[in-house]
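Since the structure comes first, as structure tokens, the remarks are kept for the end.
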Amino acid sequence: MTTRIVELRRGILKKNDELAAGLRQRFTAAGVLVVNLVSSPGTGKTALLERTLRDLRTRGLRVAALVGDLETDNDARRLAASGAPVRQINTHGICHLEAEMVGKHLEGWELGGLDYLFIENVGNLVCPSSYDLGERIRVVLLSVTEGEDKPLKYPTMFNSADAAVITKMDIAEPCGFDRALALKNINEIRPGIRVFETSAKTGSGMEEWLDYLVEERGLER
Amino acid sequence: MHELSIISSVVDSVMESLAAYPGARVKEVRLRVGALAAVVEDSLQFCYGIATEDTPLAGSVLVVKTLPVRVHCVPCGQDVEIESLQSFRCPVCGEPAADLRQGRELEIESIEIEEAEEAVGP
């Protein structure tokens, strides 16, 4: 018997990373800006997205969405009311979206006809951080009901984000939300990150968020 | 939560590499996991036992090397290890440091195998 050490130096998620790199190339070639929305369950990803899809369409932009959940197509039905093309991804127990699921659910869509593609990830602040979906921007959401220390508890996710959105600002006061502390915590984990404070219900803060999306798309071209 | 799918990828990847060593058995698998990779070693070990059953990896040891988070500090002009995952600041000058240089790794470093004896002809 001979014992031998074989150096591998190989990414464990290599398969996902390769698929994601392929998707990113397709997205860039098609000129579509892809945004991956991540948060805990119940933070308001779907509510923010409903309003975002509607408002971007009002600005004359072409938008579409993929929405991930373990079960049900409730979110896809909610989002489709905006008039945008929407597809549901049911993961049946898997706690995050993977690049392969995204690729499969894009079949038949003409990406060149889109300005934005939003991917609403499964509600989970841990696992989705490891899986690249080929997005250009990862946006993490935090609602005023969740506690200002969420970024400190989930540094992996907050550190991997390109922008953060604080949701449900309309109920910040009754919730005793400490805005300054939340902003400080986000910045401790991801220094310099852009933060938007929104209410999908009243529309407050939506303009700045939409302007950011428009600016980012401008950078792409 | 996703440790089982990560371990399944490890097992698949090692099996692929074993194709070059027919009949070999795996003694040890060494991983490099960044402190920001969002995986828990206990959970990896638990899943490893299950995922390697009835494979050439059965009974092998999983060694997980954790890599600390390192960031680039612009004022200091060097890469530094942060002291806590709750504060991305340079421990030397205290300035915020957003440029991550190490900590997200999720890699198979190497495997130790026991090669089968050369088949002896009649």
Side-chain angles (χ1 to χ4, degrees), chain A residues 1-19 38 70 91 93-101 121-132 138 148-162 184-194, chain B residues 1-14 16-18 20-21 23-40 44 69 71 82 84-90 95-100 103-118:
Chain A
M1 287 276 176
T2 342
T3 303
R4 176 202 289 262
I5 294 191
V6 184
E7 297 287 334
L8 292 181
R9 280 297 184 128
R10 186 182 299 162
I12 295 172
L13 299 178
K14 192 173 135 233
K15 194 179 144 217
N16 185 75
D17 291 343
E18 285 171 356
L19 289 171
V38 292
L70 271 68
T91 63
I94 297 177
C95 52
H96 56 268
L97 291 181
E98 298 184 8
E100 189 184 9
M101 303 174 191
N121 219 310
V122 176
N124 178 344
L125 272 180
V126 185
C127 314
S129 72
S130 304
Y131 293 86
D132 185 0
R138 184 179 288 185
E148 300 82 357
D149 58 354
K150 255 305 166 44
L152 306 182
K153 289 178 175 169
Y154 298 90
T156 293
M157 183 61 91
F158 279 82
N159 182 268
S160 77
D162 300 296
K184 178 176 173 282
N185 288 341
I186 293 171
N187 260 282
E188 250 346 281
I189 302 302
R190 186 75 163 120
I193 191 176
R194 288 282 297 269
Chain B
M1 253 163 113
H2 59 313
E3 277 81 354
L4 185 59
S5 63
I6 285 175
I7 284 297
S8 304
S9 304
V10 170
V11 173
D12 290 347
S13 194
V14 170
E16 244 172 61
S17 309
L18 281 182
Y21 307 94
R25 291 199 64 83
V26 178
K27 290 177 71 183
E28 193 172 279
V29 174
R30 305 184 71 88
L31 306 185
R32 280 159 44 93
V33 176
L36 265 190
V39 295
V40 179
L44 288 177
V69 176
V71 291
I82 62 169
S84 140
L85 289 185
Q86 279 65 52
S87 184
F88 282 70
R89 286 176 182 276
C90 172
E95 282 298 306
D99 187 358
L100 191 80
R104 290 199 183 285
E105 293 73 9
L106 209 46
E107 286 173 13
I108 308 173
E109 182 173 59
S110 61
I111 55 175
E112 189 178 327
I113 58 172
E114 216 165 56
E115 289 187 87
E117 296 291 340
E118 291 288 324

**Report entry** Whether over 12 other heavy atoms sit under 6.0 Å from B:Glu109 CD
**Finding:**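 More than 12 within 6.0 Å, yes.
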
Requested in this report: Indicate the atoms forming the closest heavy-atom contact of B:Ile6 with A:Ile12, along with that distance.
Outcome: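 Answer, listing the atom of B:Ile6 first, then A:Ile12: O-CG2, 3.5 Å.
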
Query raised in the report: What's the shortest heavy-atom distance between B:Leu85 and A:Ile189, and which atoms?
Result: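 Looking at all heavy atoms of both residues, the closest pair is O-CD1, 3.3 Å.
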
Give, as side chain, backbone, both or neither, the part of [X] having an atom under 4.5 angstrom from any heavy atom of chain B.
X        : answer
A:Arg9   : both
A:Tyr131 : side chain
A:Ser130 : side chain

Query raised in the report: Do you know which of A:Ser129, A:Ser160, A:Pro151, A:Gly192 has the most heavy-atom pairs under 4.5 Å to chain B?
Result: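 The answer is A:Ser160.
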
Query raised in the report: What residue, out of A:Asn185, A:Ile5, A:Leu152, A:Val6, has the most heavy-atom pairs lying under 4.5 Å from chain B?
Result: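 With the most close heavy-atom pairs to chain B, the winner is A:Val6.
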
N/O donor-acceptor pairs under 3.5 Å from side chains in residues 25-34 of chain B, not counting sequence neighbours:
residue : atom : partner  : partner atom : Å
B:Glu28 : OE2  : B:Arg30  : NH1          : 2.8
B:Arg32 : NE   : B:Glu107 : OE1          : 2.9

For [X], is it the side chain, the backbone, both, or neither that has a heavy atom closer than 4.5 Å to a heavy atom of chain A?
X       : value
B:Ala97 : backbone
B:Ile82 : neither
B:Ala38 : both

Query raised in the report: Just checking, any donor-acceptor pair under 3.5 angstrom between side chains of B:Ser17 and A:Arg10?
Result: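 Yes - a donor-acceptor pair under 3.5 Å links their side chains.
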
**Report entry** Exercise: do B:Ser110 and A:Glu7 side chains pair donor with acceptor under 3.5 Å
**Finding:**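 Side chains of B:Ser110 and A:Glu7: no pair found under 3.5 Å.
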
Query raised in the report: How about A:Asp149 and B:Gln86: do any of their side-chain heavy atoms sit closer than 4.5 Å?
Result: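 A:Asp149 vs B:Gln86: side chains apart.
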
Requested in this report: With the side chain counted from C-beta on, respond yes when B:His2 and A:Ile94 share a heavy-atom pair under 4.5 Å apart, and no when they do not.
Outcome: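 SC-SC contact between B:His2 and A:Ile94 ruled out.
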
Query raised in the report: Do you know which of B:Glu112, B:Glu114, B:Glu115 makes side-chain contact (heavy atoms from CB on, under 4.5 Å) with A:Arg4?
Result: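 The option that passes is B:Glu115.
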
**Report entry** side-chain contact (heavy atoms from CB on, under 4.5 Å) against A:Asp17, all qualifying residues, sequence neighbours excluded
**Finding:**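 A:Asp17: side-chain contact (heavy atoms from CB on, under 4.5 Å) contacts with A:Leu13, A:Asp132.
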
